[in-house]
Amino acid sequence: MKIKSLDKKWKEALFAASGFGPNLMMILMGAFFTDAINPTALNVQNNPLQSISGICYILPAIFPILWAISKAFDGIIDIPFANLTDSLNTKWGRRRPPILVCLIPMIISYIMCWIPFGSYVIYPNAPDSREAQIFNTVWIVVFALIFFSTYTMCLIAFYGSFAQVCDGEEQRLRVSNYKATFDTITYALVYALVPVILDATKMHIDKIAIFGSVLMLTMLIPLFMIKEGKKYGYPEREGISEERVSIIKSLKVTFGNKVFMSWLVVNCTAFFGLQMFLVSMNALINGGMGFGNMQMAIIETCAFAPVPMMLYLFNKVRKKKGVRFTYQTSLLSFAVAILSFDFASLYVTGGNLTAQYIIAITGALIGSWGIGAFFMMPLLVPAQVSSIEEKLTKQNHSAMYFAAQAVTTSVIGAIASSLVYENIKMLFISKAKGGVVWAEPSTTLAPDGTLIEITAGENAAKLLGVSADTVFNLGTLLVPIIVSIMCILGFFACFKMPKDFTPECIAKEFKRQNPDLDISQITLEEVDSSRDKEVTFMNCAYWLLSGSIFGFIWSAFQFKSLKNNNKDALVCGSALLTWALCSFVPFFTIYEISRIYKSIKNNNPDAKLSSFKWHIIFGIILPIYPVNVVSIAMLQQDLNRA
């Protein structure tokens with residue numbers, strides 16, 4: 001008899017949280033890592049987004065190639081690893097052993113990627129620090145290969161267990177939705193909350209990454225929740241061995257499925273632009289627009305806070321118009337939204353802060369429609385296809401569908417984020433003089449023997465023969481254009497997809513591949529009814545977790561800052577009490593905000609505080625302060641000015 005792994009609802013949510021830590025750290029690396037070790041596209045000196053201000057740790061001409069190879073390698077190994085975990089047969093099961101073996105090397109190698117900087121002590125007087133840059137380039141690539149390999153094995157084993165641990169289609173969809181919820185939270189934390197933490201703690205990004213690596217221990221959860229191995233009758237059940245799928249057959253079935261392949265083409269096209277955007281987002285905001293970390297958090301908040309509502313609307317439109325039409329609208333909206341980074345750039349606006357805010361916030365709100373779809377679709381399609389196949393054929397090689405998706409997007413992502421972005425961010429342009437130059441940071445020795453860092457922008461200005469303040473990074477201007485073009489190409493590629501990925505549609509494709517299959521058991525109503533039951537609940541979860549969770553942390557930082565600088569602004573002078581009241585007592589924030597503004601005015605009569613009336617309006621509409629991310633952002637700006 002099959003023993004259920006997820007026999008309670010709370011276990012479904014806990015199991016879905018297994019990949020939270022590794023995914024969070026991988027997204028953090030994708031968002032900040034390459035700009036941290038080569039800050040050419042960043043604008044502000046002594047910026048926490050850099051590991052150490054102004055230093056380029058790697059060889060800019062060589063690193064993008066090696067980084068692209070390592071990222072592509074991350075995708076290629078998905079295939080053999082997926083087959084390994086699909087076919088592994090041990091007394092401990094097939095999914096748990098790979099996770100157990102790879103967990104500790106994954107954490108250690110991740111940390112090592114962020115600390116290759118001892119070479120600057122080894123070579124303190126190296127001309128241009130080339131020996132140190134060579135050392136760091138090799139160091140990072142080697143540990144990155146180890147991290148990507150172990151990360152892939154852990155996550156592929158986890159994804160592959162979905163079909164095994166879930167008891168039927170209804171539970172599988174529920175767990176998939178929980179997983180998508182946690183994915184949304186990871187992006188919100190990385191892109192909206194991390195800049196706030198950097199600003200509040202004055203730490204550099206590498207410290208956040210190293211301290212946060214302990215979160216990868218969430219991958220211990222499947223070791224205790226997956227019921228497999230001899231103790232539970234797996235993989236042998238009642239003396240009957242489960243049929244194994246060879247890697248050749250698995251690849252043939254996966255890549256021979258036209259429905260799935262139509263999605264892969266669309267996903268790869270969109271992912272090229274999406275990956276380039278994600279890896280360059282901080283440079284676009286910090287370097288291209290000249291915004292600081294707190295201003296960056298405001299823009300990211302406007303992009304991520306509406307995502308739950310957008311997902312709700314996405315599902316409403318999907319039911320009426322189908323997945324294809326709805327995803328096409330997401331691609332077009334993102335194609336338009338991404339161009340706001342160019343229109344709000346220093347190159348176009350000349351630093352007009354009001355215009356920048358209006359353009360950037362409008363673009364972020366428009367883009368939030370696409371962000372929700374980008375989270376949901378890559379999980380929905382492989383899970384749907386593999387679950388229907390298992391129901392029809394009684395064969396489980398679900399990890400291969402996720403691996404096929406991962407290998408294609410990894411190669412595409414490596415090209416976009418490494419070969420393309422890492423090279424175009426070394427290009428510079430000036431309004432004062434025509435032409436484009438390629439420049440990299442350099443160092444020189446001062447008369448007293450100290451090492452002086454010269455930024456890439458300064459070298460570009462010298463090559464162009466203009467002042468440094470007239471030079472702009474061309475890469476931050478090209479990225480939005482490239483991303484927009486790729487989204488538009490994805491829009492047209494969608495016409496090859498089915499209108500909807502219904503069980504009936506998928507079953508017919510398997511029937512085409514194997515005419516002997518009986519697909520009469522697959523009915524559209526059977527699966528769709530279970531899916532619709534989850535819509536209301538999951539969208540409430542999306543809103544609560546991704547739309548407001550970082551608001552609780554952000555507001556705590558604000559009250560702590562006020563306690564240190566202006567204790568009279570807080571109730572009883574207590575940051576904790578004020579935070580608790582604003583977090584759990586509706587409308588209390590209106591009173592507290594009035595105290596804060598009155599206190600600021602008393603201490604600084606010249607302070608320009610024009611947003612108080614908006615706090616009242618949003619405080620009525622959104623009475624719980626941490627949920628009211630608009631007021632949090634406005635107050636943060638006023639506190640910075642005061």
Side-chain angles (χ1 to χ4, degrees), residues 15-34 66-86 88 94-116 139-162 179 182-183 185-187 189-190 206 208-223 226 271 275 278-279 378-379 382 399-414 417-418:
F15 181 76
S18 301
F20 175 80
N23 282 337
L24 179 65
M25 291 298 101
M26 177 63 93
I27 294 167
L28 187 79
M29 174 176 272
F32 297 107
F33 185 67
T34 57
L66 296 179
W67 189 247
I69 292 173
S70 62
K71 294 285 284 184
F73 174 78
D74 172 37
I76 293 170
I77 60 175
D78 285 350
I79 299 296
F81 279 5
N83 184 256
L84 172 63
T85 187
D86 278 337
L88 194 64
R94 69 170 72 169
R95 309 297 183 186
R96 291 187 298 171
I99 295 174
L100 183 62
V101 170
C102 294
L103 180 59
I104 299 304
M106 175 177 68
I107 297 173
I108 293 175
S109 58
Y110 182 82
I111 294 173
M112 291 297 102
C113 285
W114 287 90
I115 52 173
W139 175 289
I140 290 171
V141 170
V142 168
F143 279 107
L145 288 172
I146 298 172
F147 169 66
F148 291 149
S149 300
T150 50
Y151 169 87
T152 296
M153 188 74 261
C154 284
L155 269 295
I156 285 292
F158 168 59
Y159 291 142
S161 66
F162 268 50
K179 174 66 172 57
F182 285 110
D183 287 344
I185 295 171
T186 59
Y187 278 89
L189 291 174
V190 168
D206 56 318
I208 298 290
I210 292 169
F211 294 151
S213 61
V214 68
L215 293 173
M216 293 191 202
L217 292 175
T218 58
M219 280 307 301
L220 288 171
I221 295 173
L223 299 181
I226 299 175
F271 193 81
Q275 184 63 24
L278 290 175
V279 78
L379 189 64
M400 188 59 75
Y401 286 98
F402 288 99
Q405 182 173 265
V407 68
T408 52
T409 54
S410 292
V411 173
I412 290 295
S417 63
S418 300

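Position 1 is the first residue of the sequence; numbering continues from there.
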Closest heavy-atom pair, Met219 versus Ile99, reported as atoms and distance to 0.1 Å, is O-CG2, 3.5 Å
The side-chain contact (heavy atoms from CB on, under 4.5 Å) partners of Leu100 (sequence neighbours excluded) come to Leu223
The side-chain contact (heavy atoms from CB on, under 4.5 Å) partners of Leu145 (sequence neighbours excluded) come to Ser70, Phe73, Val141
Residue set satisfying ring pair (Phe, Tyr, Trp, His ring centres under 6.0 Å) with Phe158, at least two apart, ordered chain then number -> Phe15, Phe162
Residue set satisfying ring pair (Phe, Tyr, Trp, His ring centres under 6.0 Å) with Phe148, at least two apart, ordered chain then number -> Trp67
dist Ile111:CD1 -> Trp114:CH2 (nearest 0.5 Å) comes out at 12.0 Å
Rounding to 0.5 Å, atoms CG (Leu278) and CZ (Phe32) come to a distance of 11.0 Å
Closest heavy-atom pair, Tyr151 versus Pro22, reported as atoms and distance to 0.1 Å, is CE1-O, 3.5 Å
ask   = Taking the side chain as C-beta and beyond, is there a heavy-atom pair between Tyr110 and Met26 under 4.5 Å?
value = no
So CE of Met25 and SG of Cys113: to nearest 0.5 Å the spacing works out to 13.0 Å
Of Thr186, Ile107, Asn23, Leu24, the one forming a side-chain contact (heavy atoms from CB on, under 4.5 Å) with Leu215 is Leu24
Closest non-hydrogen atoms of Val190 and Ala31, given as atom of the first, atom of the second and distance, are CG1-CB, 3.9 Å
The reported gap from SG in Cys154 to CG in Leu220 (rounded to nearest 0.5 angstrom) is 9.5 Å
Could you check whether any side-chain N or O of Thr408 sits under 3.5 Å from a backbone N or O of Ala404, counting only pairs where one atom can act as donor and the other as acceptor? yes
CD1 of Ile140 to CD1 of Ile115, rounded to nearest 0.5 Å, is 11.0 Å
Taken in chain and number order and not counting sequence neighbours, the residues that satisfy side-chain contact (heavy atoms from CB on, under 4.5 Å) with Thr409 are Asn267, Phe271
Of all heavy-atom pairs linking Leu155 and Gly19, the shortest is CD1-CA, 4.4 Å
Heavy atoms of Ala68 and Ala414 approach each other most closely as O-CB, 3.3 Å
Ser417 (side chain) donor-acceptor with Val279 (main chain) under 3.5 angstrom: no
Any donor-acceptor N/O pair, Ser18 side chain to Ile221 backbone, under 3.5 Å: no
Notebook entry, point to check: Do the non-hydrogen side-chain atoms of Met112 and Phe147 ever get within less than 4.5 Å of each other?
Noted result: no
Sorted by chain and residue number, the side chain to side chain donor-acceptor pair (under 3.5 Å) partners of Gln275 (sequence neighbours excluded) come out as none
For Gln405 and Pro378 the tightest heavy-atom approach is NE2-O, 2.8 Å
